[in-house]
Amino acid sequence: MMTPASHQFVDQKLREAAEGIEKAQGEIVAKKGYKNFEMSIRVIYECRTAIDQETENDSVIGHLKTAVVALEAFDAGDAAPSIKAAMRAIKAVVDKLPD
C-alpha cells in the first residue's frame with residue numbers, strides 16, 4: 001500500500017529529476033527541432049500523473065520502471081547527462097520502495 005508519505009517522496013524525486021533536465025536544457029542552446037529535453041520532461045510528467053492515482057507499491061514501481069525505459073529513447077546528445085541523472089534518480093526511488 002502506498003502511504004501519503006511514499007507518494008510525496010516519489011513525486012518529489014520525480015520533480016527533482018524533471019528540474020534537472022530543465023536546468024540542463026536552459027544551460028545548453030538546443031538545436032532547432034531537438035526534442036530530447038522536452039520529451040524526457042513529458043515522460044516524467046506522465047509518470048507523475050499515473051502514479052498520483054495509484055495505491056499499490058507494485059503499480060508505482062511499474063510506472064517508474066516504464067519511465068526509465070521510455071527515457072532511454074531520449075538518452076542522447078546534449079540531453080544525455082541530465083537524462084542519465086534522471087534515470088539514476090528514478091532507479092534509486094524504485095530501490096527504496098518496498099515490493
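Below, each value reflects all heavy atoms present in this structure, side chains not excepted, and no hydrogens, waters or symmetry copies.
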Short side-chain to backbone donor-acceptor contact, His63 and Glu46, under 3.5 Å: no
Asp75 side chain vs Ile83 backbone, donor-acceptor pair below 3.5 Å: no
Supply the atom-to-atom distance [X] [atom1] to [Y] [atom2], rounded to the nearest 0.5 angstrom.
{"X": "Leu71", "Y": "Lys84", "atom1": "CG", "atom2": "NZ", "answer": "11.0 Å"}
{"X": "Ile21", "Y": "Ile44", "atom1": "CD1", "atom2": "CD1", "answer": "4.0 Å"}
{"X": "Ile90", "Y": "Arg88", "atom1": "CD1", "atom2": "CZ", "answer": "11.5 Å"}
{"X": "Arg48", "Y": "Leu64", "atom1": "CZ", "atom2": "CG", "answer": "12.0 Å"}
{"X": "Glu72", "Y": "Ser40", "atom1": "CD", "atom2": "OG", "answer": "11.0 Å"}
{"X": "Ser82", "Y": "Ile41", "atom1": "OG", "atom2": "CD1", "answer": "8.0 Å"}

Looking at Pro81 and Asp78, what are the two nearest heavy atoms and their distance? CD-O, 3.5 Å
Is the shortest side-chain heavy-atom distance between [X] and [Y] below 4.5 Å?
{"X": "Met2", "Y": "Glu56", "value": "no"}
{"X": "Lys65", "Y": "Ile61", "value": "yes"}
{"X": "Val68", "Y": "Val94", "value": "no"}

Decide, yes or no, whether a salt bridge links Arg15 with Asp11 under the criterion of side-chain N to carboxylate O below 4.0 Å. yes
So, Gln12 versus Glu16: side-chain donor-acceptor pair below 3.5 Å or not? yes
